[in-house]
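Here is the naming used below: chain letters follow the sequence lines, and residue numbers restart at 1 for every chain.
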2 protein chains.
Amino acid sequence: MKVLITAGGTSEKIDSVRSITNHSSGRLGCLMAEEFLKKQVTVDYVTTASAQHPTKNKNLKFYEIDGTQDLADLLQTLLKKTNYDAVIHSMAVSDFAPAQSFSQENFLEKINHLIQEKKGPLVKSDLKQLTQASPTTEKKISSDTDQLYLVLEKTPKVIQLIKRIQPTTLLIGFKLLVDVSKQTLVATAKASFEKNQADYVLANDLAKIKDNQHIGYLIDKSGQLIGEEQTKEAIARLIAQTVINHNV
Amino acid sequence: MKVLITAGGTSEKIDSVRSITNHSSGRLGCLMAEEFLKKQVTVDYVTTASAQHPTKNKNLKFYEIDGTQDLADLLQTLLKKTNYDAVIHSMAVSDFAPAQSFSQENFLEKINHLIQEKKGPLVKSDLKQLTQASPTTEKKISSDTDQLYLVLEKTPKVIQLIKRIQPTTLLIGFKLLVDVSKQTLVATAKASFEKNQADYVLANDLAKIKDNQHIGYLIDKSGQLIGEEQTKEAIARLIAQTVINHNV
């Protein structure tokens with residue numbers, strides 16, 4: 001049996017010294033890898049340099065990525081090469097990547113140029129000009145301005161690639177919200193199945209992740225709540241057991 | 001003898017899951033700490049969770065920070081409490097911190113509102129309204145928009161605090177540029193003395209930092225080039241020796 005786990009958080013470069021980073025310690029990913037390895041499951045593990053790594057093991061193979069595009073490229077390669085019994089996609093992926101940056105002066109100039117051209121309210125397609133006109137080329141953004149304007153654009157939804165390439169794999173997605181009710185969390189997770197084509201979603205709330213506590217709800221694609229756990233260890237066991245049960 | 005070293009790179013929160021991070025491995029900081037510890041110098045070491053940490057030592061004390069404001073607060077406390085023979089400020093500090101974020105729709109609405117009010121070109125003070133109107137309150141920015149607009153504002157220059165609180169300490173600043181000529185690099189470093197009140201500046205270029213190579217120029221406040229090194233180890237030795245020579 002073979003699984004693919006993604007863990008940690010992606011980073012998107014702003015310039016050569018700054019990035020936008022999605023925080024994720026990668027600890028839950030490590031615990032999941034260890035649960036699978038205990039059961040003699042082979043694990044391909046995709047993570048980032050700064051995330052915690054599981055202990056080396058002969059059945060464990062590491063891959064490191066930085067940004068969302070790197071991740072998409074690597075997953076395409078891996079999914080085309082290897083059949084996985086399950087893909088557990090726990091990596092925190094940036095929804096947006098920096099497309100353009102402007103100093104306050106430069107931004108004013110661009111906006112005033114648009115205003116002059118339009119002589120009326122701006123619309124979305126006008127804003128597109130901001131990012132299309134001149135791609136970011138600065139090596140290090142100068143600090144010689146009072147404000148900096150960053151325009152970010154949506155990254156491809158990596159989770160949607162997975163079933164497109166391997167429709168038969170068992171896909172476990174993750175949904176992280178911040179400080180919402182259990183009802184909202186579970187409802188949002190249920191609503192995500194249509195887009196991500198996952199078989200299970202682990203729904204969790206950042207406000208309920210601290211120290212040894214990590215509250216997680218595992219929901220299947222029919223919307224049923226399969227399990228509710230209080231720690232990363234228990235979530236890791238629940239996910240590993242759910243995947244293994246599907247494959248025996 | 002007692003020194004204060006800062007190392008690593010700050011992170012500025014965008015929301016509860018995303019940050020803008022300045023990259024710095026912290027390895028040069030570790031090597032400098034080790035050089036001082038070898039010579040029985042006591043070291044207070046300020047770093048970030050993700051940076052490399054020097055090996056524990058009875059003469060070494062760690063302090064961890066995240067953002068620029070945390071760093072400024074901690075340095076104020078430390079500098080008021082302890083007299084340092086030298087402060088080596090190698091931390092990569094964010095020049096800008098996120099002040100406001102807008103979805104594409106929300107940004108258009110704000111800009112169109114400003115256009116309607118002004119009936120003419122916008123000026124800097126108009127842009128200020130963007131950040132003053134409604135501070136960021138989102139716990140996690142919704143991904144339900146095609147573009148995201150981040151407005152960042154300048155952070156306080158932490159290095160300028162140091163001599164203001166301890167005018168007699170020996171201050172070593174760092175200047176990092178990216179892919180410039182040696183001439184530009186040295187000239188920019190020389191120009192920085194007036195603002196940062198440093199006694200020495202280590203000028204380096206990210207394009208010349210790779211694997212075991214780290215080219216650095218140590219310049220004193222009279223503008224003289226004190227030394228030129230090719231590795232982090234040699235830079236660490238040069239800085240430690242320069243500081244120790246001042247105090248014997």
Heaviest contributor of heavy-atom pairs below 4.5 Å to chain B, chosen from L177(A), V180(A), N22(A), is N22(A)
Comparing H113(A), R18(A), E12(A) against chain B, the one with the most heavy-atom pairs below 4.5 Å turns out to be R18(A)
Within residues 181-212 of chain A, contacts to chain B at heavy-atom distances under 4.5 Å involve L206(A)
Listed by number, the residues in residues 148-162 of chain A that come under 4.5 Å of chain B (heavy atom to heavy atom) are L148(A), Y149(A), L150(A), V151(A), L152(A), E153(A), K154(A)
* Asked: Is a side-chain N or O of D70(A) found less than 3.5 angstrom from the main chain of G67(A), in a donor-acceptor match?
  ->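 It does hold such a pair.
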Task: Polar side-chain atom of S19(B) near backbone of T21(B) as donor-acceptor pair, under 3.5 Å - done: no
Could you walk me through whether T48(B) and D66(B) satisfy the side chain to side chain contact (heavy atoms under 4.5 Å, CB included) test, starting with their C-alpha distance in whole Å, then the side-chain angles of each, then the deciding distance to 0.1 Å, before giving a yes or no? CA-CA 6 Å; T48(B) 55; D66(B) 281 323; 5.9 Å; no
Need one label for [X]: side chain, backbone, both or neither, based on atoms under 4.5 Å from any heavy atom in chain B.
X	value
I111(A)	side chain
S50(A)	neither
S24(A)	neither

request  = I would like to know whether I88(B) and F174(B) meet side chain to side chain contact (heavy atoms under 4.5 Å, CB included); could you show each step before the answer?
outcome  = CA-CA 8 Å; I88(B) 299 114; F174(B) 279 68; 3.8 Å; yes
Would you please say whether a donor-acceptor pair under 3.5 Å links the side chains of T10(A) and S94(A)?
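Yes, S94(A) and T10(A) have a side-chain donor paired with an acceptor closer than 3.5 Å.
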Q. Is there a donor in the side chain of T6(A) and an acceptor in the side chain of H89(A), or the other way round, less than 3.5 Å apart?
A. yes
Could you check M32(B) against I5(B) for side chain to side chain contact (heavy atoms under 4.5 Å, CB included), going step by step and ending with a plain yes or no? CA-CA 8 Å; M32(B) 291 190 293; I5(B) 297 175; 4.2 Å; yes
Here the gap from Q69(A) atom CD to K13(A) atom NZ, rounded to the nearest 0.5 Å, amounts to 14.5 Å
Exercise for review: Would you sort out whether I172(B) and V87(B) count as a side chain to side chain contact (heavy atoms under 4.5 Å, CB included), showing the intermediate values?
Suggested key: CA-CA 6 Å; I172(B) 290 92; V87(B) 178; over 6 Å; no
message: Taking the side chain as everything from C-beta on, heavy atoms only, tell me whether T55(A) gets closer than 4.5 Å to E34(A).
response: yes
Residues at least two apart in sequence or cross-chain that pass ring-ring contact (aromatic ring centres under 6.0 Å, His included) with H23(B), listed by chain then number, are none
Could you go through residues 114-125 of chain B and list every donor-acceptor pair under 3.5 Å that involves a side-chain atom there, pairing it with any protein atom two or more places apart or in another chain?
| from | atom 1 | to | atom 2 | distance (Å) |
| --- | --- | --- | --- | --- |
| K118(B) | NZ | D126(B) | OD2 | 3.2 |
| K119(B) | NZ | Q116(B) | O | 3.2 |
| K124(B) | NZ | E105(A) | OE2 | 2.8 |

